[in-house]
Amino acid sequence: MFSIKPYLRLSGLEPLVIRPETNFVNVGERTNVTGSKKFARLIKENKYEEALSVARQQVESGAQVLDVNMDDALLEGVQAMTTFLNLIQSEPDIARIPIMIDSSKFEIIEAGLKCVQGKCIVNSISMKEGEAKFIEQAFICKAFGAAVIVMAFDEVGQADTKTRKVSICQRAYKILTEQVGFDPQDIIFDPNIFAIATGIEEHNNYAVDFIEATREIKQLMPLTKVSGGVSNVSFSFRGNDHVREAIHSVFLLHAIKAGMDMGIVNAGQLVVYDEIEPTLRDLCEDVILNRNNDNNEATEKLIAHAETVKAKGKVEVKDEKWRNNSVEERLKHSLVNGITDYIDADTEEARQKYPKPLDVIEGPLMAGMNVVGDLFGAGKMFLPQVVKSARVMKKSVAVLTPYIEAEKEERKQAHLAAGTLNEESAGAAKILLATVKGDVHDIGKNIVGVVLGCNGYDIVDLGVMVPADKILEAAQREKADIIGLSGLITPSLDEMVHIAKEMKRRGMTQPLLIGGATTSRMHTAVKIAPEFDKGVVHVLDASRSVTVAGSLLNKDQKQDFLAGLQKEYTDLKTAFDNKKTTKNYLPYSEAKKKKTAIDWANFEPVAPSFSGTKVFDTVDVNELRPYIDWKPFFIAWEMHGNFPAILTDSVIGAEATKLYNDANAMLDKIIAENWLQAKGSIGFWEASAQEDDVTVKATESVELNFLRQQIQKAADQPNLSLADFIAPATANKKDHIGAFAVTIHGIESHIKAFEAAHDDYNKIILQALADRLAEAFAEYLHLKVRKEYWGYATEEHLSNEELIKEQYLGIRPAPGYPACPDHTEKYKLFSLLQATETIGIQLTESLAMYPASSVCGWYFANPQSQYFGIGKIQRDQLEDYAKRKKMDLPTAERWLSPILD
């Protein structure tokens with residue numbers, strides 16, 4: 001009796017049956033808008049017929065399946081997929097092979113399924129949105145007769161270890177075969193190929209994990225197939241095709257032996273394993289199999305070797321040819337590449353060549369920095385590279401400075417002798433920068449200063465907590481062309497308004513730049529710009545500062561630039577004023593009636609393990625390291641993306657990885673040499689709520705005052721206040737509130753050392769790391785509170801990613817932030833914890849914390865507690881709040897001005 005063998009059977013116009021003896025199936029990858037710039041350009045330009053040539057080239061190069069992907073934010077994916085697949089069907093030489101419909105959006109996959117003839121592959125479905133969505137999509141794929149690729153991706157995230165890869169694939173297999181009715185041979189697993197040789201220890205075993213997971217999947221589910229995106233494995237070597245091709249071939253040799261059946265590769269760019277140069281092949285083997293790789297030794301060897309390999313595969317001595325160029329070219333090369341090795345000698349050589357030391361700065365050094373500025377402006381260099389260039393520039397200038405000063409003194413003495421002493425020439429345009437009074441944060445300002453300095457401006461940085469008078473007097477004394485203000489906390493906004501008013505009163509004419517995390521274009525337009533008519537500009541980030549400064553200092557551009565800006569800001573202010581009347585707010589008396597519904601009668605609050613305070617002054621920084629959230633670290637460097645995905649980003653991944661490695665090297669040093677000291681304090685006290693106030697029963701009773709949302713919501717939606725999450729006095733329950741403050745001490749001496757070495761790059765890394773460690777300390781303590789000191793979530797087991805996403809019970813809102821926007825409540829928190837006396841955190845007059853790397857907040861344990869924003873409040877709540885706080889109305893108005901409607 002005839003029976004059909006259980007093989008994976010695909011087809012275009014011709015069948016493709018994948019039998020046990022079938023060799024590895026190449027899936028052509030170039031008809032993918034995310035994988036081929038040429039293909040993406042043709043599709044975006046609607047040159048679909050021309051794009052068919054890319055598909056044809058893949059077939060001619062040996063692709064047995066054609067992967068088609070239209071996932072691009074600027075494309076109508078459904079339309080693009082439909083158009084291209086319909087065109088393919090009319091080209092027999094292409095349509096003869098099966099199609100792989102590739103998209104992360106299922107509506108695009110479904111559109112593609114309606115176009116293809118024969119039996120295709122869907123790439124992909126997964127359980128990342130849960131089983132229900134997975135089953136629904138699987139049924140649709142089965143209805144169209146398609147085979148499916150299943151990603152090893154579940155509700156927790158992508159599988160990165162062998163165990164997780166196998167476990168997720170087994171779970172998906174059981175669902176597909178038992179609930180959906182899929183034939184096992186129509187299931188293709190993709191257990192995730194991730195980049196290796198990134199320099200990150202955790203990534204070293206990724207290739208081994210894939211290979212071993214493949215082996216086990218084929219043993220447990222022998223009729224299924226295994227696929228993967230092969231180019232991912234070599235992503236850290238992008239730009240070096242010769243090394244990437246070698247890695248692909250070595251990886252495939254081992255993966256195919258383990259049972260990998262197919263993979264998405266560039267069919268025209270696979271090198272024969274035996275033809276790989278032996279040294280390169282051995283190094284690839286070590287990295288892929290994670291052998292001889294203690295302390296990234298194998299990775300470092302491959303990286304070093306990769307630098308010596310040209311695209312044609314010839315090995316040569318490390319390229320130091322640039323050292324044979326003129327001193328001007330050598331200086332430019334050092335600046336663009338951030339090389340400090342030869343800068344002292346080259347600067348001295350240039351000094352001896354040029355008539356005056358200043359000529360070296362105005363000549364070759366500025367020429368090199370102009371190249372840096374152009375590359376940065378064009379998006380071909382990223383901020384960490386620019387800061388490294390600035391480090392080279394500063395070191396070079398430091399060599400020249402003594403000679404320049406000596407020349408100045410000689411000229412001065414000569415003028416004195418001749419009776420003709422006058423001022424030095426104006427030189428470069430001068431920009432004065434300062435973090436305003438009461439604010440201690442200056443990372444962003446430092447970066448702006450570096451970037452502007454790289455573009456030839458003379459930067460005068462007054463530092464942090466600078467009063468208005470000092471800023472304006474220095475601007476006049478220094479003859480500054482532009483004034484730049486920075487601030488992180490909301491009271492800084494009022495100080496900026498005050499400075500704008502004061503500049504107008506004094507008749508100053510310098511344009512005013514506004515920047516910092518708490519600032520915005522809207523606030524600048526509505527509150528600051530109307531107070532000063534000589535130009536107020538909100539600068540979003542460092543990269544924009546150069547363009548803005550150039551426009552303000554160019555006589556031909558300035559008038560038009562400011563006129564356009566004034567119109568833009570006027571329109572924004574008008575829209576803001578008109579918008580005020582479009583939202584409906586409840587009277588405060590009504591909002592209080594819509595508090596969070598908590599069944600206090602049937603809820604028993606958990607008591608903490610102690611009452612009072614506990615100080616932590618010997619926490620090892622190494623303990624905090626696992627709790628670091630790296631995403632804000634990269635944002636500080638204006639590199640945006642999720643971590644760790646940013647390390648393999650196609651645009652900024654290489655530089656992000658370098659920055660990450662440099663930061664971790666410094667972190668190693670911080671820990672080994674005890675540079676920084678983490679100090680913290682927590683406390684718990686019995687507490688009860690009375691409407692929007694919470695009475696804390698400490699040594700002396702303290703009343704905390706909270707605000708409530710007033711915006712009108714749906715009938716079943718509460719208007720939240722933090723007071724809702726503490727048991728009311730009428731409930732007769734013994735509830736508690738907690739508080740914490742953490743800080744990082746010891747940064748100042750190291751900052752000064754980096755400044756003395758003209759090393760802005762490491763200075764900024766250190767500042768950003770200190771901020772991250774303070775946040776990590778807050779996360780670490782909150783975890784200990786939940787599981788141990790308060791103990792209301794003793795069974796919690798969350799990953800660091802889940803902690804960052806705040807997927808825990810309870811909250812830790814900070815005074816001055818959305819749920820409790822009044823900074824003055826910090827006085828009570830600090831008093832309860834004795835934070836200044838015990839751990840050395842000072843509050844400035846604007847209620848910023850010093851050291852700057854400090855965090856504080858309240859602890860709420862109620863399972864219904866949640867993070868939220870108060871939003872805008874009305875006059876009636878402001879007046880009630882001032883009365884409750886025993887604060888005069890103008891003072892309350894000033895502190896709450898950002899949230900007053």
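Atoms considered below: every heavy atom in the structure, side chains included; atoms not considered: hydrogens, waters and symmetry mates. If you're wondering where the values come from, they're calculated on a predicted model, not measured in any experiment.
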With a 4.0 Å cut-off, would you call [X] and [Y] a salt bridge?
X      : Y      : answer
Lys658 : Glu655 : yes
Glu796 : Arg786 : yes
Arg625 : Asp620 : no
Arg884 : Asp693 : yes
Glu755 : Lys763 : yes

*Could you walk me through whether Asp724 and Phe706 pass the side-chain contact (heavy atoms from CB on, under 4.5 Å) test, one step at a time?*
CA-CA 10 Å; Asp724 293 351; Phe706 294 110; over 6 Å; no
*No-hydrogen, no-angle side-chain donor-acceptor test under 3.5 Å, Asn192 and Lys165*: no
Give a yes or no answer on whether the side chain of [X] reaches the backbone of [Y] with a donor-acceptor pair at less than 3.5 Å.
X      : Y      : answer
Thr794 : Gly791 : no
Asp154 : Gly157 : yes
Ser701 : Lys697 : no
Thr836 : Gly840 : no
Thr844 : Ser846 : yes
Ser854 : Tyr850 : no
Ser389 : Gly338 : no
Gln709 : Leu720 : yes
Asp649 : Ile652 : yes
Glu703 : Val694 : no

Would you name the heavy atoms of [X] and [Y] that are closest together and state the gap between them?
X      : Y      : result
Pro728 : Trp600 : CD-NE1, 3.5 Å
Val621 : Leu676 : CG2-O, 3.6 Å
Ile682 : Phe740 : CG2-CB, 4.0 Å
Gly857 : Leu829 : O-CD1, 3.3 Å
Ile303 : Ala197 : CD1-O, 4.4 Å
Ala770 : Ile744 : O-CG1, 3.7 Å

How would you list, by chain and number, every residue that makes a side-chain contact (heavy atoms from CB on, under 4.5 Å) with [X], sequence neighbours excluded?
X      : result
Thr161 : Thr163, Arg164
Ala304 : none
Asn762 : Arg391, Met666, Phe754, Asp759, Ile765
Ser520 : Met522, His523

*Can you list the residues that meet the ring pair (Phe, Tyr, Trp, His ring centres under 6.0 Å) rule with Phe725, with sequence neighbours excluded?*
none
_Partners passing ring pair (Phe, Tyr, Trp, His ring centres under 6.0 Å) against Trp685 (at least two apart in sequence or in another chain)_ = none
Listed partners of [X] passing salt bridge (charged side-chain N to carboxylate O under 4.0 Å, His left out), at least two apart:
X      : value
Arg772 : none
Glu788 : Lys784
Glu623 : none
Glu825 : Lys828, Lys885

Between atom [atom1] of [X] and atom [atom2] of [Y], what is the distance when rounded to the nearest 0.5 Å?
X      : Y      : atom1 : atom2 : value
Leu773 : Glu779 : CG    : CD    : 13.0 Å
Thr299 : Asn292 : OG1   : CG    : 11.0 Å
Cys856 : Leu833 : SG    : CG    : 8.5 Å
Phe194 : Phe235 : CZ    : CZ    : 13.0 Å
Leu704 : Ile737 : CG    : CD1   : 5.0 Å
Ile811 : Gln864 : CD1   : CD    : 12.0 Å

*Would you say the ring centroid of Trp637 lies under 6.0 angstrom from that of Tyr660?*
no
*asked:* Centroid separation under 6.0 Å, is that true for the rings of Phe633 and Trp630?
replied: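 Yes, they do, as the ring centres are separated by less than 6.0 Å.
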*Which pairs count as ring pair (Phe, Tyr, Trp, His ring centres under 6.0 Å) when at least one residue sits in residues 604-627, sequence neighbours excluded?*
Phe610-Phe684, Phe616-Tyr789, Tyr627-Tyr780
*Scan for ring pair (Phe, Tyr, Trp, His ring centres under 6.0 Å) pairs involving residues 791-833, sequence neighbours excluded, and state none if there are none.*
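Only His782-Tyr808, Trp790-Tyr792 qualify under ring pair (Phe, Tyr, Trp, His ring centres under 6.0 Å).
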*asked:* Using side-chain contact (heavy atoms from CB on, under 4.5 Å), reason through Trp895 and Leu847 one step at a time and then give a plain yes or no.
replied: CA-CA 10 Å; Trp895 284 106; Leu847 293 173; 3.6 Å; yes
_Pair Asn290, Asn293 - check side-chain hydrogen bond (donor to acceptor under 3.5 Å, both in side chains), show working._
CA-CA 6 Å; Asn290 194 18; Asn293 205 16; 3.0 Å; yes
_For Ser681, the option from Leu832, Leu781, Ile839 that meets side chain to side chain contact (heavy atoms under 4.5 Å, CB included)_ =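 In the set Leu832, Leu781, Ile839, the residue that makes a side chain to side chain contact (heavy atoms under 4.5 Å, CB included) with Ser681 is Ile839.
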*Flag side-chain contact, heavy atom, 4.5 Å: Thr519 against Val539*: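 The answer is no; the side chains never approach within 4.5 Å.
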*With a cut-off of 6.0 Å (strictly less than), are more than 12 heavy atoms of other residues, nucleotides or ligands near NZ of Lys301?*
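No - once you tally the heavy atoms of other residues, nucleotides and ligands closer than 6.0 Å, there are 12 at most.
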*Lys/Arg cation over aromatic Phe643: Lys631, 6.0 Å, 45° cone*: no
*Go through the steps to decide whether Lys595 and Asp692 satisfy the test salt bridge (charged side-chain N to carboxylate O under 4.0 Å, His left out), and finish with yes or no.*
CA-CA 10 Å; Lys595 58 167 41 179; Asp692 292 346; over 6 Å; no
*Determine, step by step, whether Ile635 and His640 satisfy the side-chain contact (heavy atoms from CB on, under 4.5 Å) criterion, reporting the C-alpha distance in whole Å, the side-chain angles of both residues, the deciding distance to 0.1 Å, and the verdict.*
CA-CA 5 Å; Ile635 290 173; His640 298 271; 3.9 Å; yes
